[in-house]
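Every chain is numbered from 1 and lettered A, B, ... according to where its sequence line falls, protein lines coming before strand lines. Because the structure is a prediction, the values reported are computed rather than measured.
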Amino acid sequence: MIDIKRIRENPNAVAERLNSRQGKDGHRIAELLELDERRRKLLSEVEDLKALRNKASKEIGSLMAQGKRDEAEARKAEVREQGDRITVIDAQVKEIDGLRDEVLLALPNLPHESVPVGKDEHDNPELRQWGEKPSFDFEPKPHTDLCESLGLIDFKRGAKLSGSGFLLYTGMGARLERALAQFLLDLHTGEHGYTEVSPPYVVQRDCMVGVGQFPKFVDQAYAVQEGLDESTRGNLYLIPTAEAPVANIHREEILREDELPKYYCAFSPCFRAEAGAAGVGTRGMIRVHQFEKVELIKVVKPEHGYDELEKMTANAEKVLQLLGLHYRVILLCTGDMGFASAKTYDIEVWAPGQNSFLEVSSCSNCEDYQSRRMNLRYKSEAGTVFPHLLNGSGTALARLFVALIETHQRADGSIRVPEPLRPYMKTDVIAV
RNA sequence: GGAGGGGUGGCAGAGUGGUCGAAUGCGGCGGUCUUGAAAACCGCUUUCCGGGCAACUGGAACGGGGGUUCGAAUCCCUCCCCCUCCGCCA
């Protein structure tokens, strides 16, 4: 969340920055300032009363010790009235705290100054491309055809089992998915210095709030419940990304400065309800309710946040380079950024069968927005500091799968397995 | 799921209604001593929120929440987590 002190000090600048985002939440700043002022006024009043009460209580204590019962009783009656007022004001402060936090948690992060102001995805500048669109001397097939003919995915039965948007990988398809996961984990742990973690696939509400998924995007999550006991529903949620558990690993902790930076890398399935997205580009495996992903997470000092973002993006790009896939890197404008992010690069891979680019990675620096939400800090000479939290896909597997088979398909309908994947696939070709 | 035990500062571990934010030990930081180091000795060593330019000052926090009381780490209720034993199970 945004630091309330920052809002206090620069309300207009914050409001303006908020208004550059799609939510246009700038108008809520005035509301926040008003709550903040009321809160502080009540606080100083109630704290003065508490100071008096603390003093009186000590006096009563010593009167009792001296055996002056009557005096003590008289004093008690006096203080009791004050106590009632304290109870009332405490309740008011608590209520205002609740209102304030509600607003604060509903506000997205402020875009970094290097992020261009824009309305939507059409305003995202393209930063670079790598490689070239592959050329074919035949009509490249879409992945749906390839999956069907090579028996990689059984779309029909996937839908039979779990409904539309769920995939049943079969044979070499299942192996390719597993090979990709292992290749990515080995790359990031072996070459890029990340520590592998294998997190729970369900998390508590607090974790979802911590990364900024909740409260705003509850409708995008799958809530689980124990059997038919509805009272347990919403205690746990299926993770929409490994970011939810992994970024929260150190929530509520104070780390030592020399523990930073921390690099984590996690493979996990991701579950997304995709409410409201039905029918929009849902064919095949491009938008599904469950997909696998290798996620990268960094906890770093604020002064390194943006260097680390560049490095993380390069780590994700490396994946596509090694697999020989053409891609481009895009900088998201203010109007297209994710809720918690201050700056985001999207990496889009070319999918010849779709004749379009597919987003396979989104690398973001959330600055201290998430660390504040989860109360993650580290101790430095200067005091306790909220670190920057970064997350990036390294990468999503379903779409990588699509780009891979569409790019490396051959005229005879087979797929060439790129060199780095061969040890995992134990073959250099996927054929009928 | 059943029975019992327990959650206190970085760690260990006292404290069962009144200067307890918390004894003591370990660890850590600074100092004395020493050519240097060790040992010994002395001091310091949590976090959050207000007020103040600041020195400083007020409040809050002993797993979470609620209650009793002038006053709660201490008493009561409730939830969570951990440990031991039994049952069940991958």
Asks: Classify every nucleotide of nucleotides 46-51 of chain B by which part a protein heavy atom approaches to under 4.0 Å, writing B for the base, S for the sugar-phosphate alone and - for neither, in 5'-to-3' order.
Replies: SSSSSS
Asks: Using whole Å, what does the distance between atom C1' of nucleotide B/A60 and atom CG of A/Asp90 come to?
Replies: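 Atom-to-atom, A/Asp90 to B/A60, this comes out as 10 Å.
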Asks: Side chains of A/Ser361 and A/Thr395: do they bring a donor and an acceptor to under 3.5 Å?
Replies: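 No pair is found: no donor N or O on one side chain lies under 3.5 Å from an acceptor on the other.
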Asks: With rounding to whole Å, what would you report as the distance between B/G4 and B/G87 at their C1' atoms?
Replies: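 The same atom, C1', in both gives a distance of 15 Å.
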Asks: Let me know which of A/His388, A/Lys298, A/His112, A/Glu310 forms a side chain to side chain donor-acceptor pair (under 3.5 Å) with A/Asn365.
Replies: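 Per the side chain to side chain donor-acceptor pair (under 3.5 Å) rule, the option paired with A/Asn365 is A/His388, out of A/His388, A/Lys298, A/His112, A/Glu310.
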Asks: Which whole number of Å gives the distance between the C1' atom of B/G21 and that of B/G5?
Replies: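 The answer is 28 Å between these two C1' atoms.
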Asks: Rounded to the nearest 0.5 Å, what separates atom CG in A/Leu184 from atom CG in A/Leu323?
Replies: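 Rounded to the nearest 0.5 Å, the CG-CG separation comes to 7.5 Å.
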Asks: Between P on B/U69 and CD on A/Glu78, what's the gap in Å once rounded to a whole number?
Replies: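 Result: 18 Å.
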Asks: Rounded to whole angstrom units, what separation is found between the CG atom of A/Asp206 and the P atom of B/G65?
Replies: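 After rounding, the reported distance stands at 12 Å.
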Asks: Check A/Met337 against A/Gln22 and note the closest heavy-atom contact, atom names and distance.
Replies: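 Minimum heavy-atom separation between A/Met337 and A/Gln22: O-NE2, 3.5 Å.
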Asks: Determine the sole option in A/Asp3, A/Val14, A/Thr334 for which the side-chain contact (heavy atoms from CB on, under 4.5 Å) test with A/Leu110 is passed.
Replies: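 Per the side-chain contact (heavy atoms from CB on, under 4.5 Å) rule, the option paired with A/Leu110 is A/Val14, out of A/Asp3, A/Val14, A/Thr334.
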Asks: What's the CD-C1' distance between A/Glu71 and B/C70, to the nearest Å?
Replies: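 It works out to 15 Å between those atoms.
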Asks: Using whole Å, what does the distance between atom P of nucleotide B/U19 and atom NZ of A/Lys55 come to?
Replies: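 Atom-to-atom, A/Lys55 to B/U19, this comes out as 18 Å.
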Asks: Give one of base, sugar-phosphate or nothing for A/Ala56, where a contact means two heavy atoms less than 4.0 Å apart.
Replies: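 If one applies the 4.0 Å heavy-atom cut-off, A/Ala56 turns out to touch nothing in the nucleic acid.
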Asks: If we take the C1' atom in both B/C81 and B/A23, what is their distance in whole Å?
Replies: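 Approximately 27 Å lies between the C1' atom of B/C81 and that of B/A23.
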Asks: Does the side chain of A/Arg422 come within less than 4.5 Å of A/Glu419's, by heavy atoms?
Replies: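 Yes; the side chains approach each other to less than 4.5 Å.
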Asks: Are the charged groups of A/Arg372 and A/Asp368 less than 4.0 angstrom apart, N to O?
Replies: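 Between A/Asp368 and A/Arg372 there is a salt bridge, with a charged N closer than 4.0 Å to a carboxylate O.
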Asks: Take atom C1' in B/C56 and the same atom in B/C33, then report the distance between them in whole Å.
Replies: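 B/C56 and B/C33 have their C1' atoms separated by 35 Å.
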Asks: Please report, rounded to the nearest Å, how far the P atom of B/A61 is from the CG atom of A/Asp97.
Replies: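 For the pair A/Asp97 CG and B/A61 P, the rounded distance is 14 Å.
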Asks: What integer number of Å spans the C1' atoms of B/A55 and B/G15?
Replies: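 My reading of the C1' atoms in B/A55 and B/G15 gives 35 Å.
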Asks: What heavy-atom pair brings A/Lys262 and A/Glu259 nearest, and what distance separates the two atoms?
Replies: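 Heavy atoms only, the tightest pair is CG-O, 3.5 Å.
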Asks: As a test of reading the structure: which of B/G65, B/G59, B/C70 is closest to the side chain of A/Lys94, going by heavy atoms?
Replies: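 Ranking B/G65, B/G59, B/C70 by closest atom to the A/Lys94 side chain puts B/G65 first.
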Asks: If every non-hydrogen atom of A/Asp25 is compared with every non-hydrogen atom of A/Asn19, which pair is closest and at what distance?
Replies: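 In this case the closest contact between A/Asp25 and A/Asn19 is N-OD1, 3.8 Å.
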Asks: Using atom C1' in both nucleotides, what's the gap between B/C49 and B/U34 to the nearest angstrom?
Replies: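 Approximately 47 Å lies between the C1' atom of B/C49 and that of B/U34.
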Asks: Quote, to the nearest angstrom, the C1' distance that separates B/U84 from B/C79.
Replies: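 Straight-line distance between the two C1' atoms is 22 Å.
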Asks: Measuring to OP1 and OP2 of B/A60, would you say a side-chain N or O of A/Asn54 lies under 4.0 angstrom away?
Replies: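 Affirmative; the distance criterion is met.
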Asks: Pick the nucleotide of RNA chain B nearest each of A/Lys58 and A/Val46; which residue has the one closer to the 5' end?
Replies: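 Here A/Lys58 is the residue nearer the 5' end.
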Asks: Rounding to a whole Å, what distance do you find between A/Lys50:NZ and B/U57:C1'?
Replies: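 In whole Å, B/U57 C1' lies 17 Å from A/Lys50 NZ.
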Asks: Between A/Met208 and A/Arg205, is any pair of side-chain heavy atoms under 4.5 Å apart?
Replies: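 Of all side-chain heavy-atom pairs linking A/Arg205 with A/Met208, none is under 4.5 Å.
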Asks: Go through RNA chain B and write down every stem, that is, every run of at least three consecutive Watson-Crick or G-U wobble pairs with distances under 3.5 Å, as range with range.
Replies: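 RNA chain B forms these stems: B:1-7 with B:80-86, B:10-12 with B:24-26, B:27-32 with B:40-45, B:46-51 with B:56-61, B:63-67 with B:75-79.
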Asks: May I have the distance from A/Leu52 (atom CG) to B/G58 (atom C1'), rounded to whole angstrom?
Replies: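 Those two atoms, CG and C1', are 11 Å apart.
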Asks: Within the structure shown, what part of the strands sits under 4.0 Å from A/Arg80 by heavy-atom distance: base, sugar-phosphate, or nothing?
Replies: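 Answer is sugar-phosphate: A/Arg80 comes under 4.0 Å of backbone atoms only.
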Asks: Mind listing the closest non-hydrogen atom pair of A/Pro420 and A/Phe183 along with its distance?
Replies: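 Of all heavy-atom pairs spanning A/Pro420 and A/Phe183, the closest is CB-CE1, 3.7 Å.
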Asks: If I pick the C1' atom on B/U16 and the same atom on B/G30, what distance separates them, to the nearest angstrom?
Replies: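 Their C1' atoms lie roughly 37 Å apart.
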